Number of protein chains: 2
Amino acid sequence: MNARRRQDLSDNVATKARILDAAEHLFADRGFDATSLRTITTEANVNLAAVNYHFGTKAGLLEEVFKRRVEPLNEERLVRLSKLQEESGADAPSVEAILTTFIEPALRVSRDPAHGGMVFMRLLGRSYAEPNEQIRRFMPELYRDIEIQYGEALGAAVPHLAVEDLYWRMHFVVGTIAYTMAGTDALQLLASCPYCDPDDVEGITERLVTFLSAGMKA
Amino acid sequence: MNARRRQDLSDNVATKARILDAAEHLFADRGFDATSLRTITTEANVNLAAVNYHFGTKAGLLEEVFKRRVEPLNEERLVRLSKLQEESGADAPSVEAILTTFIEPALRVSRDPAHGGMVFMRLLGRSYAEPNEQIRRFMPELYRDIEIQYGEALGAAVPHLAVEDLYWRMHFVVGTIAYTMAGTDALQLLASCPYCDPDDVEGITERLVTFLSAGMKA
DNA sequence: GTCTATAGTCAGATAGAC
DNA sequence: GTCTATCTGACTATAGAC
């Protein structure tokens with residue numbers, strides 16, 4: 001009996017996870033609208049009706065795909081930011097150090113296939129610019145604490161900046177990171193760079209921090 | 001007879017233009033997949049079959065929507081860049097001056113409703129991150145000359161930079177501009193900024209140039 | 001919790017009259 | 001060049017057996 005229940009539970013979890021994995025991958029590759037439930041359930045090796053059973057609607061599935069990755073990611077960012085602020089004592093942490101606590105957790109995720117890896121990062125990057133109603137509704141919620149905490153930290157790091165300048169620059173920072181995550185080959189706009197390796201995540205991170213810190217302090 | 005022919009021609013042009021206008025607006029608001037030909041033709045006050053008659057397919061319409069705006073925009077950019085280089089003579093133009101020739105034409109377009117205005121800019125910004133096959137195919141073509149000319153100009157302006165660093169920074173620049181154009185309220189991620197006015201296009205341009213130039217020269 | 005079968009809707013595209 | 005009418009196919013979602 002217990003074995004049976006465990007089996008049921010494990011199947012249940014595995015089914016949900018398989019759907020989430022397939023959806024994540026397909027949404028990242030083709031976009032939300034262009035991905036049908038049929039394609040998702042086929043790739044996940046589950047029945048077509050399973051999505052509606054487990055997630056209610058296709059939009060519900062999309063939301064779960066994001067929540068599963070973004071919540072732990074942002075928690076880690078806030079923990080690192082707190083630690084950094086404690087270590088700095090009375091001094092405000094540097095812009096570089098603050099941005100590093102924001103970017104490095106994303107870097108870690110992007111290298112860990114078990115947490116979505118580059119696939120989810122691509123999806124996340126694209127989502128910042130998407131008109132999809134569902135995404136526009138729940139994403140700001142997922143980022144509320146991030147905005148507040150990083151706004152305060154960066155404000156202390158560049159106190160000479162007017163408030164509106166600070167916010168615009170934070171906006172630019174987020175945009176740059178989002179587009180970089182969305183895939184360096186997103187539009188192959190810079191297709192001709194023979195030296196650029198999109199898989200060199202550490203190198204990109206370093207370049208991002210350098211570039212963004214300079215802009216932030218300008 | 002002549003009057004009749006002129007009328008036909010004018011109807012033809014007006015029909016195509018009305019379809020393009022409606023499609024541009026609806027694609028920008030809802031995205032490509034989420035916009036049906038029925039919605040477009042209804043808003044344009046033309047018959048459903050007109051899209052297929054004039055543009056072949058829905059994808060063909062999308063391509064025309066982009067071409068109509070991007071080609072003149074990029075031509076103006078290249079003219080300004082050339083002029084700037086002539087004026088500078090043997091000296092390389094500054095990063096700020098180069099970026100200004102890139103951003104200002106977009107600014108001008110965004111203020112001119114007759115050329116698409118903010119609506120098209122939003123669509124264009126989003127398109128950089130879109131997985132749509134059609135867009136990924138024709139956009140790099142539209143930007144080939146831009147990439148070459150600006151790559152050379154910026155390379156001369158920051159000669160200390162390694163080639164791969166230059167390309168990455170160009171990528172960051174394009175990403176930031178695209179994201180900013182995609183709509184400052186794209187995800188309302190920075191919703192809480194009480195001072196930020198998304199309609200203050202000159203102010204945003206100035207801030208963009210400052211931010212990006214600092215990053216470029218870091 | 002999983003499956004089959006299907007309802008109900010809407011999509012892009014075209015044939016053929018005018 | 002424009003229109004009506006319609007084809008064909010795909011989609012999400014659900015009811016109900018197991």
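The sequence lines fix the lettering, A, B, ..., with proteins before strands; numbering per chain opens at 1. Computed from a predicted model, the values in this text were never measured in an experiment. Heavy atoms only: backbone and side chains are in, while hydrogens, waters and symmetry mates are out.
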Please give, in whole Å, the distance from C/dG12 C1' to B/Gln134 CD?
14 Å
Side-chain contact, heavy-atom cut-off 4.5 Å: A/Arg126 with A/Met181?
no
Distance below 4.0 Å between B/Asn47 side-chain N/O and D/dG1 OP1 or OP2:
no
Expressed in angstrom and rounded to an integer, what is the separation of A/Asp33 atom CG from C/dG12 atom P?
12 Å
Base, sugar-phosphate, or nothing: which does B/Thr39 touch, judged by heavy atoms less than 4.0 Å apart?
nothing
Rounded to whole angstrom units, what separation is found between the NZ atom of B/Lys58 and the C1' atom of C/dC10?
12 Å
Compute both the distance and the angle, then confirm whether B/Lys58 meets the cation-pi test with B/Phe32: under 6.0 Å from the six-membered ring centre, within 45 degrees of the axis.
yes
B/Arg38 side chain: which of C/dA11, C/dC3, C/dT2 is closest?
C/dA11
Heavy atoms only, 4.0 Å cut-off, all strands: where does A/Ala50 land among base, sugar-phosphate and nothing?
nothing
Between A/Ser36 and D/dC11, is there a side-chain N or O to OP1/OP2 distance below 4.0 Å?
yes
Aromatic ring pairing B/Phe120/B/Phe66, orientation class (parallel under 30°, perpendicular over 60°, tilted between)
perpendicular
Which of A/Lys83, A/Arg69, A/Arg108 passes salt bridge (Lys or Arg N to Asp or Glu O under 4.0 Å) with A/Glu76? Answer is A/Arg108
Heavy atoms only, 4.0 Å cut-off, all strands: where does A/Thr41 land among base, sugar-phosphate and nothing?
nothing
Output the rounded distance in Å from CG (A/Leu48) to P (D/dA15).
15 Å
Specify the separation, in whole Å, of atom CG of A/Leu37 and atom P of D/dC11.
9 Å
Test: B/Arg77 cationic atom under 6.0 Å from B/Phe102 six-membered ring centre, within 45° of axis:
yes
A/Thr15 side chain N/O closer than 4.0 Å to the phosphate oxygens (OP1, OP2) of C/dT2?
yes
Answer yes or no: does a side-chain N or O of B/Asn52 lie under 4.0 Å from OP1 or OP2 of C/dA13?
yes
Quick one: A/Phe55 CZ to D/dA13 C1', roughly how many Å, whole number?
16 Å
Which whole-number value in Å describes the distance from A/Ile19 CD1 to C/dC3 C1'?
13 Å
Rounded to the nearest angstrom, tell me the gap between atom CG in B/Asn45 and atom C1' in D/dC3.
14 Å
Residue A/Thr57, side-chain atoms from C-beta onward, closest of D/dA13, D/dC3, D/dG1
D/dA13
